[in-house]
Amino acid sequence: MTRRATKRGAERTPLDGERDVLVCGASFAGLAVARELAGSGADVLVIDRYEIGERQTSACAAPTSWLENLGLADAIRQTFDDFVIHTPHGASRFRLPWTFSTFDYRTLCALLWQQCDADFETATVHGRRGDTVLTDRGALRAPLIVDALGWRRVLARAGYQPPDAPLSRGLEVHPGGVGEDLEIWIDRRYVPAGYGWRFPAGSELRIGVGSFDPRFHVKDTTVLLAEDLAAEPVGFQGNWIPHRLRAAVEDDVFFVGDSAGHCLPLTAEGIRTALYFGIACGRELRHVLEGRATRAQALARYGEFSARHAWKFAWLLRGQRLLPRVPPRLLAGALRIFGQRSFTAWGFEHYLRVAPPEFALRGRPASAREPATAGV
Ligand SMILES: Cc1cc2nc3c(=O)[nH]c(=O)nc-3n(C[C@H](O)[C@H](O)[C@H](O)COP(=O)(O)OP(=O)(O)OC[C@H]3O[C@@H](n4cnc5c(N)ncnc54)[C@H](O)[C@@H]3O)c2cc1C
């Protein structure tokens, strides 16, 4: 018996009714919310247009401590102590005070889902009317609704549309191959404002280009970077990336992850923050379910929690705006100075504190879903 109710074609039966919590979106943010609700006894439904873990949308690199603290280490493919930034005027190597790991998206989502006890249905969300979420399979009601649907912010009054919205764009290819380092290219040959990357993940390379300017098309230069690295441009995947924090609550809905603009500007690191704010949101929802807070209080507290981070996002956004303006030769020199170990350690420790990994350990759920293989 399969654990998931993935419906295709004629199997896509009508879906309606009321739940205690409706989590829309089953990627990093949505699964982190649902994980916090495990053992609460609440009737929690998670919906997504795809099966859990079906569609990878990122290069899947995150601080190792975050993955370990959430019990996700089995998804790790490769771990890195340092990373390299290439500019037209040379390369600089940075020794990290903590490590980054690339991971397998499908495995990571499965591991997160094992720690949930919610129900799952595939359904495409079209919008919302009050407490009712409208999907292609019917209307679902819940007093507690979470939008973890990514950059489009589907359940908001006004969604986000490129190219006018504050969005970056990213595209990558996934050829086979091996590598030793996390590598970044800050080079206008590939993108006037942004960077390219090559992240090894075991026997696969994730090579891509991200542009802070949504009008710059990154397909040609993603291919160019892959070719420069003697890799085949195969397995394309891309998405829009929000680079400005948005309101985390609106009309009694909780917004988490990219839907709330929780992806960090400058670095476009959005997995750790989706997990972090997902946990924060889940904890507030749990207070409501346990009768320790009203929905209004939970909305206010979660909204304030997210807003308290605004200054950190604002600093990174300043860095994002400054980076393309720095002359390449000056940038290469500055990177060499920043490459000194004490400087790098200081900078990266502060950067990790934006969403610290210990947050995942506080108040972990009391009970967890049985392993997916149990009873099969
Ligand atoms: C090319 C690229 C590389 C990246 N690399 C990294 C990286 O290495 N490290 C990092 O930290 N960040 C990276 N990011 C950013 C990161 O991917 C996002 O910030 C992160 O995925 C946000 O997680 P989320 O759960 O909020 O949203 P998403 O991961 O976008 O998940 C949204 C979910 O909602 C579902 N959904 C969307 N619309 C609907 C709908 N209408 N109905 C039903 N379901 C819907 C989707 O299927 C999906 O499962 C990268 C982004 C891109 C584009």
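Each ligand, and each atom within it, is numbered from 1 in the order the structure gives. Source: prediction; values computed, not measured. One-based numbering along the sequence shown.
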Short side-chain to backbone donor-acceptor contact, [X] and [Y], under 3.5 Å:
| X | Y | answer |
| --- | --- | --- |
| Q297 | T294 | yes |
| R295 | P143 | yes |
| T135 | G138 | yes |
| D82 | R95 | no |

Would you say that more than 12 heavy atoms from the other residues, nucleotides or ligands in this model lie under 6.0 Å from the [atom1] of [X], or not?
| X | atom1 | answer |
| --- | --- | --- |
| R329 | CZ | no |
| R325 | CZ | no |
| R301 | CZ | no |
| R129 | CZ | no |

Does [X] come within less than 4.0 Å of [Y], counting only side-chain N to carboxylate O?
| X | Y | result |
| --- | --- | --- |
| E250 | R157 | yes |
| D131 | R141 | no |
| R93 | E183 | no |

Just to confirm my output: which protein heavy-atom neighbour is closest to [atom], and how far is it?
| atom | answer |
| --- | --- |
| atom 18 (C) of ligand 1 | D258 OD2, 3.4 Å |
| atom 29 (O) of ligand 1 | S27 OG, 2.8 Å |
| atom 41 (N) of ligand 1 | V125 O, 3.0 Å |
| atom 45 (C) of ligand 1 | L149 CD2, 3.4 Å |
| atom 30 (O) of ligand 1 | G150 CA, 4.0 Å |
| atom 12 (N) of ligand 1 | G270 N, 3.1 Å |
| atom 15 (C) of ligand 1 | A268 O, 3.6 Å |
| atom 36 (N) of ligand 1 | R49 NE, 3.6 Å |

Got an N/O contact under 3.5 Å between [X] and ligand 1?
| X | result |
| --- | --- |
| D48 | yes |
| I241 | no |
| T124 | no |
| F199 | no |
| G30 | no |
| A61 | yes |
| V154 | no |
| G257 | no |
| I271 | yes |

Report, in ascending order of atom number, the atoms of ligand 1 lying under 4.0 Å from any heavy atom of [X].
| X | result |
| --- | --- |
| A59 | 3 (C), 4 (C), 5 (N), 6 (C), 8 (O) |
| T57 | 2 (C), 17 (O), 21 (O), 29 (O), 51 (C), 52 (C), 53 (C) |
| C263 | 19 (O) |
| A29 | 25 (O), 26 (O) |
| A148 | 32 (C), 33 (C), 34 (O) |
| G25 | 34 (O) |

query = Side-chain donor-acceptor pair under 3.5 Å between Y190 and H86, yes or no?
reply =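 Y190 vs H86: no donor-acceptor pair found between side chains.
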Have S58 and Y105 got a donor and an acceptor in their side chains that come within less than 3.5 Å?
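Looking only at side-chain atoms, Y105 and S58 do not form any donor-acceptor pair under 3.5 Å.
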Original post:
Who gets closest to atom 16 (C) of ligand 1 by heavy atom: S58, A123, G127, G170?
Top reply: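 Nearest heavy atom to atom 16 (C) of ligand 1 lies in S58.
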Option nearest atom 20 (C) of ligand 1 (shortest heavy-atom distance, choices F28, F100, W197, W66):
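Result: the heavy atom closest to atom 20 (C) of ligand 1 is in F28.
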### Message
Apply ring pair (Phe, Tyr, Trp, His ring centres under 6.0 Å) to residues F277 and Y302 and explain how you reach the verdict.
### Response
CA-CA 9 Å; F277 287 102; Y302 173 66; 7.0 Å; no
>> ring pair (Phe, Tyr, Trp, His ring centres under 6.0 Å), that's the test. Do F348 and F100 meet it? Break it down for me.
In response: CA-CA 11 Å; F348 277 92; F100 255 107; 7.8 Å; no
| task | Determine whether the side chain, the backbone, both or neither of A62 has a heavy atom under 4.0 Å from any heavy atom of ligand 1. | result |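 A62 to ligand 1: no contact under 4.0 Å from either part.
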Q: Under 4.0 Å, heavy atoms only, figure out whether ligand 1 is touched by the backbone of Y50, its side chain, both or neither.
A: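 Side chain only.
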Checklist line | R77 charged N/C atom sitting above F199 aromatic ring, 6.0 Å / 45° | finding: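 No - R77 does not lie over the ring of F199 by the 6.0 Å and 45° rule.
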